[in-house]
Each structure stands twice: as C-alpha cells, then as structure tokens.
Number of protein chains: 2
Amino acid sequence: MTEAAKLKDEELSLKLFVVLTRALEAIEKNIVKNIKSYGLNLTEFGVLELLYHKGDQPIQKIGQKILLASSSITYVVDKLEEKNYLIRKACPTDRRVTHASITEEGKKLMDDIFPKHRLAMSEIMAGLDIEEKEIVIEKVKKLGLYAQKL
Amino acid sequence: MTEAAKLKDEELSLKLFVVLTRALEAIEKNIVKNIKSYGLNLTEFGVLELLYHKGDQPIQKIGQKILLASSSITYVVDKLEEKNYLIRKACPTDRRVTHASITEEGKKLMDDIFPKHRLAMSEIMAGLDIEEKEIVIEKVKKLGLYAQKL
DNA sequence: TATAATTATTTCGAAATCGAGATAACGGTA
DNA sequence: TACCGTTATCTCGATTTCGAAATAATTATA
C-alpha cells in the first residue's frame, strides 16, 4: 500500500467505526422501545429468544452466544426466572452444569412478541433494500470475523 | 413487495442486526484493549478525542455527540477532571453553561495515544479493503440515518 | 488412584449508564 | 418588569454490566 492509501485507510477505518456505532445506537433505540413495552430489555429478549428458538441451553452457552460475562448471565437468568419466563434445570450428566429452559409463560410471551419484533425490525431496517442488506451483511460479517480473530 | 420478498426482508433484517452487533462487539473489544492500557475507557476516550480535535465544548454538546444522557456526561466529565485530563470552565456569556476543556496533560496523552489508535484502528478494520469500507460506510450511514428518523 | 488443571456457576464489589426530578439561568411575552 | 416555558447541569437511586475470586465438579496426568 502506498503512504497515501495507508492514510486513506486509516481515515476510513475511523469513520467506519463511528458510522457503525451511530447506526447501531439508532437501531437499538427503536428495538428497545418495542421490547420495553413488554417489560423486557434487549439482553433479556436475546436470552429468551435463544431459548425459544434453540431450546434449553447451558447457562454458560447463553453467555457465549449473547456475549456476556458469566456473572452477568447469572444476573439476567435470575431476572427472567423471577418473571417466570424461564427455569433452571440441573443437568443430569454433569453436575457443574445448569440448563436454562423457557417456561410456558415465556413461550406464550414470545409467541406474542416475536412476530411483532420481526415486523418492527424490517421497518427499522427499511433504509436499505434487500440487495443492499445482503451486501452489508456479507461485508460486515467479514469485518467482524477478522476483528474477532485478532 | 411480494409476500415472499417481505419474508426475505424480515429474515435479512434480523440477520443484519445480529451481524452488526457481533462485528461492533469484536471491534470494540480490540479498541478497548488498546485504550485501557492508558487508563481510559471508550467513553472517556471519545470525550477526550472530541475536545482534542474540536476544542472546548459545552458539556451538553458532548452528550449529544457521544450519545450519552446528561447525567452520564456529568459522571464522565467528573472522572476525566479527577484524572486532570480536562477542566470545567464557566461560560462567561451564559451562566447555565459549563465548558469542558482539555488540559495540557490531556493533550499530551492524546498526542501519544491518538496516532497509535489510528493505526490500531486500521489494523482492526483490515478485514475490508478501502473500496469495501467506502461501500459499507455509505450503506450503513443510510441505514442509521433512516433508523434515526423513525 | 491421587493430584493438578480445567470448566461451570455463583458471589461480591465496583463501574457505567439511565431516568426522574432539583436547581438555576435564560428568553420571550404580557 | 414579572411571569412562564425552555435550557443546562447536577443529584439521586436503580439497573446492567464487568472482573476477580469462591465453590464445586469434571477431566487429564503422573
């Protein structure tokens, strides 16, 4: 890379970070608005959605998928358990492990929320058309995977 | 839009959100690693960078640019003031307003950090080349602006 | 098999963020 | 000028997240 290209790349990298941050903030603000009316925050919704779609999960798997420190998951799972949307189940084969399992009440809530969330999401994301979304998904995935490996 | 296209769009919107979130998390983790070694977190760095590049700012302007609640800025500015990287200056023309101003010590710190940050940033973002970054910036900006207006 | 290293979860205290409300000052208008 | 709505900042209490360390169980190793 030429010296000029290096400078340009640095400029664009800084700018890309700002743009990504701003966009995600705006998107999240809208999602939160929807989900909050059901008494959930984004993290709680994420956990519940995981259990809803992928079935019971070891508590620590949840942390990996939602990207939360183990101590934070304990906290979130506590909250959801208090709200009766999930229960802890001891793992029979490994006594270190606890599974989180969505309750009937949790399932009912997600049956209600999730289709609305889907719809709201595509309204929030309507700034790009289908082709553009596909491009951005591909590029941003590449960007994220690279950054993850550093 | 056909029914099938609507479904596709919902799918892509959900996926786009996940991809954006994951990418930003990975990117931030790397940035934080660099900045943390100077005793700053991302927010503090953001505030300091703003003052470093744009000069003195009313406290509430900082909040708008960094996207923080007013109570949170007070907290962050307190922290930076404790560290002697900025000082509050009463505004002479409007007694409601307080300006935040970077100190010599803060300037020195940024003289040291910022070039490294620039470089680190382009290393973190090296998953995409210049052309791809330009595309993503354009698209994600469009996405964010749309979501902001909702 | 005994011991050591690893893994899963929780506890604890601290940090960062928020929202609601308090306080003070400004700007417009009657 | 006196009052009212708006703006800027701060205080306070609550929520969410984190990291370090505690506990307990499993797996690998000597």
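- When heavy atoms are screened at a 4.0 angstrom cut-off, A:Thr98 is found touching the sugar-phosphate backbone but no base atom.
- A heavy-atom distance below 4.0 Å to DNA chain D is reached by these residues of residues 31-65 of chain A, ordered by number: A:Asn41, A:Thr43.
- Judged purely by atom type and a 3.5 angstrom limit, A:Ser101 has no side-chain atom pairing as donor or acceptor with the backbone of A:Asp56.
- Not a single side chain to side chain donor-acceptor pair (under 3.5 Å) links A:Glu49 to another residue, sequence neighbours left out.
- Using modelled atom types, no side-chain atom of B:Glu44 and backbone atom of B:Val76 make a donor-acceptor pair closer than 3.5 Å.
- Between B:Ser13 and A:Lys133, the side chains place a donor N or O and an acceptor N or O closer than 3.5 Å (distance only, hydrogens not considered).
- Taking a heavy-atom distance under 4.0 Å as the criterion, the stretch of DNA chain C touched by chain B extends 5' to 3' from C:dA15 to C:dC26.
- Protein atom CG of B:Leu68 is 14 Å distant from nucleotide atom P of D:dC10, rounded to whole Å.
- For the contact set between residues 71-89 of chain B and DNA chain D, defined by any heavy atom under 4.0 Å, the members are B:Ser71, B:Thr74, B:Arg88.
- Residue A:Lys8 qualifies as open at atom NZ: its count of foreign heavy atoms under 6.0 Å is 12 or below.
- Residues in residues 120-150 of chain A take part in no ring pair (Phe, Tyr, Trp, His ring centres under 6.0 Å) pair, two or more places apart or across chains.
- No more than 12 heavy atoms of other residues, nucleotides or ligands shown are found within 6.0 angstrom of NZ on A:Lys15.
- Checked by atom type and distance alone, the side chain of B:Glu28 never pairs as donor or acceptor with a backbone atom of B:Glu25 at under 3.5 Å.
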Return all side-chain donor-acceptor pairs below 3.5 angstrom for residues 113-126 of chain A, not counting sequence neighbours, or 'none' if the list is empty.
{"residue": "A:Lys116", "atom": "NZ", "partner": "A:Tyr38", "partner atom": "OH", "Å": "3.0"}
{"residue": "A:Lys116", "atom": "NZ", "partner": "A:Asp112", "partner atom": "OD1", "Å": "3.0"}
{"residue": "A:Arg118", "atom": "NE", "partner": "B:Glu10", "partner atom": "OE1", "Å": "2.6"}
{"residue": "A:Arg118", "atom": "NH1", "partner": "B:Glu11", "partner atom": "OE2", "Å": "2.8"}
{"residue": "A:Arg118", "atom": "NH2", "partner": "B:Glu10", "partner atom": "OE1", "Å": "3.2"}
{"residue": "A:Arg118", "atom": "NH2", "partner": "B:Glu11", "partner atom": "OE2", "Å": "3.0"}
{"residue": "A:Ser122", "atom": "OG", "partner": "A:Leu119", "partner atom": "O", "Å": "3.3"}

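- Partner of B:Lys139 under the side-chain contact (heavy atoms from CB on, under 4.5 Å) criterion, out of B:Ile137, B:Val136, B:Ile135: B:Ile135 alone.
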